[in-house]
Amino acid sequence: MGWLFEPGWWANGTVRTALLVGFVVAVTSAVVGIFTVMRGQSFAGHALTDVATAGGAGAFLAGVAPLVGFVGGGVLGAGAMDAIGVQRVKGRDIATGVVLGAAMGLAALFLFLSARSSSASGTTQLVLFGSIFTVSPSTLPEVSWLSGAVLVTLAAVARPLLLSSLSVELAAARGVRLRSVGLIFMVVLAVAVGMSAIVIGAILSTALLIGPPASALRVARRVGRAVALAAGLGVLATWVGVLFAYDSYYWFPSHRSLPVSFFVVAAIVVEYLVASVLRRRTRPAPVAASEPEGWT
Amino acid sequence: MSDHEPSTALLEVRDVNVSADGRDILRDVHFSINHGEFTGLIGSNGAGKTTLFRVILGIQEHASGEVLLHGEPLTRSNRSIGYVPQKVLFDPDLPIRARDLVALGADGHRYGLRRRPRALHDAVDEMLDAVDAGAFADRRVGSLSGGEQQRVLIAHSLISRPELLLLDEPLANLDPGSVQEIIALLHRVAQRQRVAILLSAHEMNPLLPVMDRIVYVANGHVASGTTDEVVRPSVLSALYGHHVDVLRVHGRVLVVATALPVGPAPNDEHPEFVVE
Ligand SMILES: Nc1ncnc2c1ncn2[C@@H]1O[C@H](COP(=O)(O)OP(=O)(O)OP(=O)(O)O)[C@@H](O)[C@H]1O
Ligand SMILES: [Mg+2]
């Protein structure tokens with residue numbers, strides 16, 4: 001195994017922090033992601049990442065802790081999307097698009113401004129592509145607390161959320177408060193993507209949110225198992241990404257590491273391909289495939 | 001119908017008015033449903049059947065009127081009503097098995113993730129058997145056929161042991177054999193669980209053998225009573241606003257428009273030739 005784990009891997013504090021923070025973020029993203037995919041809100045999830053980016057960039061500019069910027073930005077974005085009309089299925093894409101556009105504009109402005117102030121060189125790279133190797137050990141408890149809050153909140157609304165993902169009509173008839181549950185989920189989603197934006201970067205945090213859950217949903221037949229599988233796949237992809245990025249330092253004579261996010265996303269894609277192959281294997285019945293898609 | 005007499009009805013709909021986009025959809029709708037009765041809600045496309053169900057469930061804004069269950073207004077915690085909506089499209093990729101959907105009928109509105117008690121699992125099995133859905137209990141709901149989903153939805157709505165079950169056009173898109181099966185199944189379950197049923201349909205004929213009462217919707221108004229009281233030329237003509245005849249042939253009922261109405265421009269509420 002010596003070839004896999006390059007020198008210093010086990011003793012390196014930066015690596016350890018990266019693995020731990022990566023674990024927390026991957027699990028949170030995967031669990032939240034299952035509900036995001038089931039509710040068809042992947043686009044909203046991606047948009048919230050961009051909003052978080054604007055927040056993160058703003059935080060760099062203002063000299064505030066990046067975590068506050070990322071998460072705060074995301075939550076504000078969730079509120080804005082709710083106000084514009086993310087609750088109605090038809091209004092969803094519009095609300096998301098409007099907020100997305102505004103956020104990208106702000107992010108561009110903040111990044112431009114901080115690139116001009118000499119002290120913040122590399123901010124763009126950091127904000128957009130993440131910085132798991134630069135996460136300070138003190139971030140771990142903060143991220144863990146946030147993650148705990150996200151998971152507990154999600155567990156609290158899991159069943160109403162599930163029922164309303166299946167059918168709004170059924171949920172409303174059972175007395176589910178659709179609007180509150182939807183808003184709670186948006187805030188949870190914002191916090192989760194804000195966290196992962198810090199670790200693997202804004203652009204690629206969508207991959208961690210959507211990729212492992214999409215793979216898990218291809219093969220799992222129960223929500224609980226899908227959640228567990230997605231978490232496992234997310235952690236695996238993150239750790240593989242960290243390992244390869246670390247190793248890649250030794251791959252080239254120039255000693256330039258390749259970015260973590262590249263490896264994470266590559267692992268996610270491989271996982272998805274494997275899941276798709278498995279799904280085809282597990283459901284060979286052509287009869288099942290030609291069944292009517294629900295009644296109209 | 002006086003407001004003062006004590007209500008013995010299970011459900012009472014009083015003078016409900018609904019309008020949308022400045023158009024009246026339901027006008028002064030009133031009727032009641034008794035414990036354990038099978039009521040057919042009959043009306044053509046766009047008559048307002050779905051709207052009426054949503055009013056009863058308290059999820060449709062209405063301009064005026066009230067809905068009373070046991071003489072009390074509906075609240076969020078007072079939901080002794082099961083509902084099978086008209087259109088439910090389940091995503092075949094959702095990892096929800098038929099039995100999960102049924103269980104969500106019992107606890108889908110509850111917060112928290114408490115472990116489901118043994119008794120609930122038993123109740124789910126029992127319910128699935130009652131609607132003959134045991135064979136596909138472990139398949140994803142999205143992969144089931146329309147008729148199979150129908151059964152699972154009935155189990156979903158009955159597991160909370162409601163006193164009233166609303167079914168919005170559960171017979172549409174079923175072949176004639178399945179129509180008879182579902183009606184027989186509902187009749188059986190309704191009697192066993194002592195649940196009152198309000199079922200909407202375009203066609204009243206398949207329901208004639210089981211229907212205790214009928215609520216007939218047309219032109220935004222309703223007429224209710226036993227079939228014999230409601231399905232008469234005088235009552236239906238008043239409802240449609242022009243003359244219709246009622247023919248009884250071979251145990252079937254046909255509602256026939258005799259001529260195009262004179263007067264105001266025809267609208268889509270008029271029976272073309274044969275409504276039933
Ligand atoms: N949200 C809405 N906004 C405006 N009009 C509406 C709305 N929902 C329903 N309507 C109108 O109200 C009328 C009654 O609709 P409803 O869906 O209750 O009819 P229905 O009896 O269930 O018809 P069907 O048999 O086709 O299901 C229709 O004319 C419809 O166009
Ligand atoms: Mg309808």
Side-chain angles (χ1 to χ4, degrees), chain A residues 31 34-35 37-40 89 151-181 184 213-214 216-230 279 283 285 287-296, chain B residues 50 53-54 56-60 74-79 81-97 99-101 103-114 116 138-150 153 156-157 160 166 168 170 172-174:
Chain A
V31 178
I34 288 281
F35 286 91
V37 173
M38 285 202 310
R39 290 172 68 77
V89 173
L151 295 180
V152 166
T153 312
L154 203 54
V157 295
R159 280 183 187 146
L161 209 51
L162 204 58
L163 188 55
S164 62
S165 313
L166 265 170
S167 157
V168 220
E169 292 274 289
L170 288 181
R174 296 294 309 133
V176 170
R177 292 169 198 273
L178 292 172
R179 184 155 184 148
S180 322
V181 168
I184 290 172
L217 287 172
R218 300 231 84 180
V219 290
R221 245 196 304 172
R222 303 168 66 165
V223 179
R225 292 185 189 170
V227 165
L229 183 56
R279 177 194 174 91
R283 11 178 90 200
V287 193
S290 64
E291 269 174 325
E293 300 183 9
W295 96 92
T296 41
Chain B
T50 302
F53 278 137
R54 295 175 51 85
I56 294 174
L57 287 164
I59 56 179
Q60 165 86 45
L74 278 167
T75 63
R76 232 172 243 284
S77 49
N78 165 23
R79 328 214 108 251
I81 304 183
Y83 179 44
V84 178
Q86 182 172 6
K87 276 177 291 188
V88 187
L89 278 176
F90 293 117
D91 181 347
D93 280 345
L94 288 180
I96 314 269
R97 300 164 302 168
R99 65 168 69 255
D100 299 324
L101 178 59
L104 282 174
D107 60 17
H109 59 296
R110 296 234 175 88
Y111 296 103
L113 265 186
R114 238 164 304 148
R116 288 181 170 145
D138 291 310
R139 304 239 324 259
R140 290 188 181 202
V141 271
S143 73
L144 300 177
S145 81
E148 291 166 343
Q149 289 185 354
Q150 191 71 258
L153 280 168
H156 164 92
S157 57
S160 56
L166 309 179
D168 199 357
N173 297 309
L174 295 184

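Each chain gets a letter, A, B and so on, in the order its sequence line appears, and its residues count up from 1. Only a predicted model underlies this, so the values are computations on that prediction, with no experimental measurement involved.
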Smallest separation among heavy atoms of Ala220(A) and Pro95(B), with atom names: O-CB, 3.8 Å
Rounded distance (nearest 0.5 Å) linking atom CZ of Arg218(A) with atom CG of Asp93(B): 6.5 Å
4.5 Å side-chain heavy-atom contact, Asp100(B) and Arg221(A): no
Region of Val37(A) that comes under 4.5 Å of a non-hydrogen atom in chain B: neither
Qualifying residue for side-chain contact (heavy atoms from CB on, under 4.5 Å) with Leu166(A), from Val88(B), Ile96(B), Asp91(B): Ile96(B)
Contacting moiety of Leu94(B), where chain A heavy atoms sit under 4.5 Å: side chain
Residue, of Leu170(A), Val223(A), Val157(A), Leu163(A), that accumulates the most heavy atom pairs under 4.5 Å with chain B: Leu170(A)
Taking every non-hydrogen atom, the tightest pair across Arg54(B) and Glu169(A): NH1-OE2, 2.6 Å
Separation between CG of Leu104(B) and OG of Ser167(A), rounded to the nearest 0.5 Å: 11.0 Å
Minimum-distance pair of heavy atoms, taken over all atoms of Val176(A) and His109(B): CG2-CA, 3.8 Å
Heavy-atom closest contact (Arg159(A) atom, Arg116(B) atom, distance): NE-NH2, 3.6 Å
Test item: His156(B) and Arg174(A) side chains (from C-beta on) under 4.5 Å apart, heavy atoms: yes
